Amino acid sequence: ILYLHTVPESGGDTVFASMYAAYDALSERMQAFLGDLTATHDGEPEYRGRYADRGVDDTGKVYPKAVHPVIRTHPVTGRKSIYVNRIFTTHINELTASESRALLDHLFDHCERPDFQCRFQWEQHSVAMWDNRCVQHLALWDYYPQVRSGFRVTVRGDRPF
């Protein structure tokens with residue numbers, strides 16, 4: 001849940017993408033192929049050294065790393081969705097490095113198709129709520145030097161299956 005009390009005059013939208021719709025748009029053969037695969041999600045490549053220019057030394061810091069199914073089943077709806085993302089998913093465990101890279105690139109591009117997306121235009125005091133188990137989101141950073149600020153609450157997730 002995100003509440004914004006300060007929004008820029010223009011820009012700063014959030015794009016949400018349905019991973020249910022992305023999964024449903026795959027062929028049955030691709031759905032079956034992906035169904036037994038797992039992928040490694042790793043925060044280190046994205047965050048290691050990110051704030052070094054601000055004097056933050058993250059030497060010795062351990063970043064989260066986990067293995068999740070490529071296709072997850074939502075524990076409430078029972079629907080399947082794609083569960084990989086360009087920022088944290090580093091490789092598919094059951095494939096060679098080149099196979100993994102090619103398939104992940106295909107899935108990343110597929111998940112980012114505009115027909116799976118909606119765009120939320122923030123207004124002061126707007127509230128947005130989404131389910132990270134079946135939605136990906138991207139905050140657009142197109143408003144510098146203006147400010148977008150608020151409060152976010154994240155519900156502790158469950159283990160994907």
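Worth saying up front: this structure is predicted, and the values here are computed from it rather than measured. Both backbone and side-chain heavy atoms feed into the values below; hydrogens, waters and symmetry mates do not. Quick note: residue numbers are just sequence positions, from 1.
Residues meeting the side-chain hydrogen bond (donor to acceptor under 3.5 Å, both in side chains) test with Tyr3, sequence neighbours left out: His125. Applying the ring pair (Phe, Tyr, Trp, His ring centres under 6.0 Å) rule to His41 yields the partners His68, Tyr83; only residues at least two apart in sequence or on another chain are considered. With sequence neighbours excluded, no residue forms a salt bridge (charged side-chain N to carboxylate O under 4.0 Å, His left out) with Glu99.
The shortest distance between side-chain heavy atoms of Pro75 and Arg133 falls below 4.5 Å. No side-chain heavy atom of Asp109 sits under 4.5 Å from any side-chain heavy atom of Leu107. The closest side-chain heavy-atom distance from Thr40 to Ile92 is not below 4.5 Å. With a 4.5 Å cut-off on side-chain heavy atoms, Val147 and Pro8 do not count as touching. Glu44 places none of its side-chain heavy atoms less than 4.5 Å from the side chain of Lys65.
For the pair His110 and Phe116, the tightest heavy-atom approach, listed with the atom from each and the gap, is O-CE1, 3.0 Å. When all heavy atoms of Pro160 and Pro69 are compared, the closest pair comes out as CB-CD, 3.8 Å. Residues Gly12 and Asp142 share a closest heavy-atom pair of N-OD1, 2.7 Å.
A salt bridge does not link Arg50 with Asp58: every distance from a Lys NZ or Arg NE/NH1/NH2 to an Asp or Glu carboxylate oxygen is 4.0 Å or more. Ion pairing between a basic and an acidic side chain is recognised when a charged N comes within 4.0 Å of a carboxylate O; Lys80 and Asp24 show no such pairing.
Glu9 places no side-chain N or O within donor-acceptor distance of the main-chain N or O of Gln146, the cut-off being under 3.5 Å. The closest donor-acceptor contact from the side chain of Arg119 to the backbone of Val15 lies at 3.5 Å or more, if one exists at all. Without hydrogens or angle criteria, Thr89 side chain to Arg86 main chain gives no donor-acceptor distance under 3.5 Å. Judged purely by atom type and a 3.5 angstrom limit, His91 has no side-chain atom pairing as donor or acceptor with the backbone of Asn93. With hydrogens and angles ignored, the 3.5 Å screen pairs a side-chain donor or acceptor of Glu94 with a backbone N or O of Thr38.
Val70 and Tyr20 are not part of a single hydrophobic cluster, where members link through side-chain heavy atoms under 4.5 Å apart. Connection of Leu138 to Val84 is not established within any shared hydrophobic cluster, with ILVMFWY side chains joined at heavy-atom distances below 4.5 Å, either directly or through further cluster members.
In the hydrophobic clustering, Val155 connects to no other residue, as no ILVMFWY side-chain heavy atoms lie under 4.5 Å from its own. Clustering of Ile, Leu, Val, Met, Phe, Trp and Tyr by side-chain heavy atoms under 4.5 Å joins Val135 with Leu2, Leu4, Val7, Phe16, Phe120, Trp122, Trp130. In this structure, Tyr63 shares a hydrophobic cluster with Tyr47, Ile87, Phe88, the cluster being traced through Ile, Leu, Val, Met, Phe, Trp and Tyr side chains under 4.5 angstrom apart.
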(request) Step by step, work out the side chain to side chain contact (heavy atoms under 4.5 Å, CB included) result for Ile1 and Thr154. (result) CA-CA 6 Å; Ile1 303 168; Thr154 302; over 6 Å; no
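For the atom pair OG (Ser81) and NE2 (His74), the distance works out to 7.5 Å, reported to the nearest 0.5 Å. The structure places CG of Leu26 at 12.0 Å from CZ of Phe33, a figure rounded to the nearest 0.5 Å. Asp42 contributes atom CG, which lies 5.5 Å from atom OG1 of Thr90 (distance to the nearest 0.5 angstrom). If you take NE2 on His106 and SG on Cys111, they are separated by 9.0 Å, rounding to the nearest 0.5 Å. One finds the CE atom of Met19 at 9.0 Å from the SG atom of Cys134 (value rounded to the nearest 0.5 Å). Considering CD of Glu112 and CG of Asn85, their distance stands at 9.5 Å, rounded to 0.5 Å.
No donor-acceptor contact under 3.5 angstrom links the side chains of Thr6 and Gln124, judged on distance only. With no hydrogens or angles considered, no side-chain donor-acceptor pair links Ser18 and Tyr23 at under 3.5 Å. For the residue pair Asp57 and Thr59, a side-chain donor N or O sits within less than 3.5 Å of a side-chain acceptor on the partner. Defined by atom type and a distance below 3.5 Å, a donor-acceptor pair is present between the side-chain atoms of Thr14 and Arg148.
Open room surrounds CG on Asp36; 12 or fewer heavy atoms of other groups in view lie less than 6.0 Å from it.
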